[in-house]
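These notes concern the structure reproduced below.
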2 protein chains.
Amino acid sequence: MLEYIVLGMVNYEDMTGYDIKKYIESGISVFYKASFGSLYPILKKLANKGLVAMYESNHGDRKKNYYHITDEGRKAFEIWLETPIMIDDGNGTQLVKIYFYDLLQEDKRRELLIRYRENNVTYLKGLYELEEQYVNTRNKDCYYYKLSVLYYGIRIIKETIKWCDDIIERKDLSEI
Amino acid sequence: MLEYIVLGMVNYEDMTGYDIKKYIESGISVFYKASFGSLYPILKKLANKGLVAMYESNHGDRKKNYYHITDEGRKAFEIWLETPIMIDDGNGTQLVKIYFYDLLQEDKRRELLIRYRENNVTYLKGLYELEEQYVNTRNKDCYYYKLSVLYYGIRIIKETIKWCDDIIERKDLSEI
DNA sequence: CCTGCCATGTAACGAGTTACATGATTTC
DNA sequence: GAAATCATGTAACTCGTTACATGGCAGG
């Protein structure tokens, strides 16, 4: 996952590992955190695979290691980006893809967002079924907080579906 | 984390590894998934630490490995449960603690929930600051989807705060 | 008798964190 | 000249997954 985020970052412009960390912190820290201990090895790995290329650049006297995306890297990133977002993985890590959705063409993006929305609707149905089972089989008083996490899930998925609707229509989110 | 969830499950009643997986699936699958490949080793580890005790029981001819929590295990679980929920870890994994909050006494629970709510409020402020930076420094049109993930974060945190308010007051969540 | 679920486990791997080590450069 | 931040990296570790292996029991 982080591998592709890094690839997506250097896709915008050449960066150092340090830069990438700052970008992640200021952009997708809601979903994802990265430590140097994972970033630097990933950059090396990507370089070995030929998806990025490293070059040294001296800003003043100081030399920094900049990374540049290759054609192959761009292709790999594109494939990842156009793979539908999975919802079944518990934590919404995959959602990070949408951060890069400005790069997609309108019809492709629309298709992917609609699909993601549908997945959420399906998942929501599953949660409602779970709710029914709970309500039928258990003493509500003793299980208030057990049930509450289920309702939390329901609310979050509902909110996610609303958000999908809004960004599909490209509504101005700052006014809502 | 999963270690404590397992501990929490056997705290309710003696269970087999298989049972625990089913309970997790029907209860906290929204936040957490567990595989047998992690469950069974964790049970062994807990047994080695003396936090649970295993015994065999023959249901018919078939023998199953049941796990029973020890006093020490109960204590360890309690300490974990009463440790405030962290919000800074990106994925809301820690939220799973609330699943077990029925076990807490009202005042302790209230204290912990209010604290969690406050942490969310603080986190939300940080997101609004990020928003300001974004809006000031970047071209809104080219960065619609980058901004949208930030707004998603804002909405989710807002929803989480609302949910905290509701469960602190022990509102009936099914009617909302 | 065979399919599907119950039940337990292990080995290899993956993804990322924490803590440490190092040193340069900027800012006060 | 001290402190903060820039900048790069490694080693040990944690936590978990995937895939495999094994076998029992139940219902059609």
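In the text below, chain A, chain B and the rest are named by the order of the sequence lines, each starting its count at 1.
Ion pairing of A:Glu111 with A:Lys108 is present here, as a side-chain N (NZ or NE/NH1/NH2) and a carboxylate O approach within less than 4.0 Å. Salt bridge present: A:Arg109 and A:Glu106 bring a charged side-chain N and a carboxylate O closer than 4.0 Å. Salt-bridge annotation for B:Glu56 and B:Lys64: absent, with no side-chain N of the basic residue lying under 4.0 Å from a carboxylate O of the acidic one.
At the phosphate of C:dT8, neither OP1 nor OP2 sits under 4.0 Å from any side-chain N or O atom of B:Lys44.
Following rounding to the nearest Å, B:Lys64 (NZ) and C:dT8 (C1') show an atom-to-atom distance of 12 Å.
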Show every donor-acceptor pair shorter than 3.5 Å between a side-chain atom in residues 77-84 of chain A and any protein atom, with sequence neighbours excluded, or say none if there are none.
from    : atom 1 : to      : atom 2 : distance (Å)
A:Thr83 : OG1    : A:Ile79 : O      : 2.7

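An end-to-end axis angle of 30° holds for the helix from C:dC1-D:dG28 to C:dC28-D:dG1, taken from five base pairs per end and rounded to 10°.
Listed by chain and residue number, A:Lys171 satisfy the side chain to side chain contact (heavy atoms under 4.5 Å, CB included) test with A:Glu169 (two or more places apart in sequence, or in another chain). The ring-ring contact (aromatic ring centres under 6.0 Å, His included) check on A:Tyr40 picks up A:Phe36, with sequence neighbours excluded.
Using a 4.0 Å cut-off on heavy atoms, the residues of residues 6-19 of chain A that approach DNA chain D are A:Thr16, A:Gly17, A:Tyr18, listed by number.
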Show me the protein contacts with nucleotides 12-16 of chain D, counting only N or O atoms at under 3.5 Å.
from   : atom 1 : to      : atom 2 : distance (Å)
D:dG16 : OP1    : B:Tyr32 : OH     : 2.1

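With D:dA7, C:dT8, D:dT8 as the choices, the nucleotide that has an atom nearest any side-chain atom of A:Phe36 turns out to be D:dT8. Nearest nucleotide to the A:Tyr40 side chain, out of D:dG9, C:dT8, C:dT10: D:dG9.
We find the CD1-CG distance between B:Ile42 and B:Leu51 to be 12.0 Å, quoted to the nearest 0.5 Å.
Looking only at distances, a side-chain donor or acceptor of A:Thr70 sits under 3.5 Å from a matching main-chain atom of A:Gly50. A distance-only check finds no donor-acceptor pair linking the side chain of B:Asp14 to the backbone of B:Val10 [under 3.5 Å].
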Candidate pair B:Glu118 and B:Arg115, rule salt bridge (charged side-chain N to carboxylate O under 4.0 Å, His left out), full reasoning
CA-CA 5 Å; B:Glu118 294 313 314; B:Arg115 185 152 171 186; over 6 Å; no
